[in-house]
Amino acid sequence: MLQIGVLALQGGVHEHLDAVRGAADKAKIPISLRTVRTARELEGLQGLLMPGGESTTMSLLLQKNSMLEPTRNIPGLFGTCAGLILMAKEVEGKMQGQEGLDVMDVGVSRNAYGAQIDSFESVLESEILPKMRIPFIRAPKITKVDEAAGVRILARLPKSNEPVIVEQRMPGRFYLGATCHPEIRTTRVHEYFLRALAAALKSA
Ligand code: GLN
């Protein structure tokens, strides 16, 4: 049984809880699921989902609760929007004192599509998603994808071709990041995450 947590310091926690429960059912991958607010609750996790919200607030709380280091040790991480900002090694537009996990070989630029009012939905060009509209809420842009480090693009915006969902596979590890919020519309990306994580753990 996969031990999965949803980081619940702030942001869209329930959407991820629902999506990963649905995904586990559909992919027939049994999971044990919990919300995570402390370093203690991170213990033994194989996968952690990090929701959208405010990356600055989440970062400060992760630092305050001494959670950065134990989170870096979790083999599977999936971040949407603010969650991806936490994972990226390069972040443009960081607030002073904003420290992230620094684990995924991508660069992101915070709030790069504009303010809340510029939020939008789009169907994506993607090998892992059906044609459905996915919300972008004060989304970051992915500015750098380090293919040599094994980062791969899984979805793009149709006109601009900008990457919006990326993965990184390493021995025994699997990272997935999205600038958008598939968890609001579909369990597909969570199914993909559970399958890839289960495979990464098996091959380790
Ligand atoms: N703009 C937010 C940030 O920088 C992210 C928004 C979101 O998670 N939907 O943290």
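Residue numbers start at 1 and run along the sequence shown. On a predicted model such as this, the values are computed, not experimentally measured, just so you know. Numbering of ligands and ligand atoms starts at 1, following listing order.
Against a heavy-atom cut-off of under 4.0 Å, Ser55 is close to the following atoms of ligand 1: 3 (C), 4 (O), 10 (O). Of all the atoms in ligand 1, the ones that sit under 4.0 Å from a non-hydrogen atom of Glu54 are 3 (C), 10 (O). Set against the non-hydrogen atoms of Gly53, the atoms of ligand 1 under 4.0 Å away are 2 (C), 5 (C), 6 (C), 7 (C), 8 (O), 10 (O). Near Cys81, meaning under 4.0 Å from one of its heavy atoms, ligand 1 places the atoms 5 (C), 6 (C), 7 (C), 8 (O), 9 (N). Listed by number with element, the atoms of ligand 1 under 4.0 angstrom from any heavy atom of Ile137 are 6 (C), 7 (C), 9 (N). Shown in contact with Ile85 at under 4.0 Å from a heavy atom are these atoms of ligand 1, numbered in order with element: 3 (C), 4 (O), 10 (O). Which parts of ligand 1 touch Gly52 is read off a 4.0 Å heavy-atom cut-off, strictly below it: atoms 8 (O). Atoms of ligand 1 lying under 4.0 Å from at least one heavy atom of Asn111, given by number and element, are 1 (N), 2 (C), 4 (O).
The aromatic rings of Tyr113 and Phe136 sit perpendicular, their planes meeting at an angle over 60°, well past the 30° parallel limit.
At least one N or O atom of Arg138, backbone or side chain, sits closer than 3.5 Å to an N or O atom of ligand 1.
Within the 3.5 Å criterion, the main-chain N or O of Gln3 finds no donor-acceptor partner in the side chain of Ser32. In this structure a side-chain-to-backbone donor-acceptor pair under 3.5 Å is present from Thr38 to Glu41. Remark: the backbone N or O of Gly97 is paired with a side-chain donor or acceptor of Gln63 at under 3.5 angstrom. At least one donor-acceptor pair under 3.5 Å links the side chain of Ser126 to the backbone N or O of Ile128. One N or O on the side chain of Arg185 and one on the backbone of Arg133 form a donor-acceptor pair closer than 3.5 Å.
In terms of protein heavy-atom proximity, atom 4 (O) of ligand 1 is nearest to Arg110 NE, 2.7 Å.
A donor-acceptor pair shorter than 3.5 Å can be found between the side chains of Gln98 and Ser55.
The closest approach between His181 and ligand 1 falls below 4.0 Å for a heavy atom of the residue.
Residues Met95 and Met67 are members of separate hydrophobic clusters, defined by side-chain heavy-atom contacts under 4.5 angstrom among Ile, Leu, Val, Met, Phe, Trp and Tyr.
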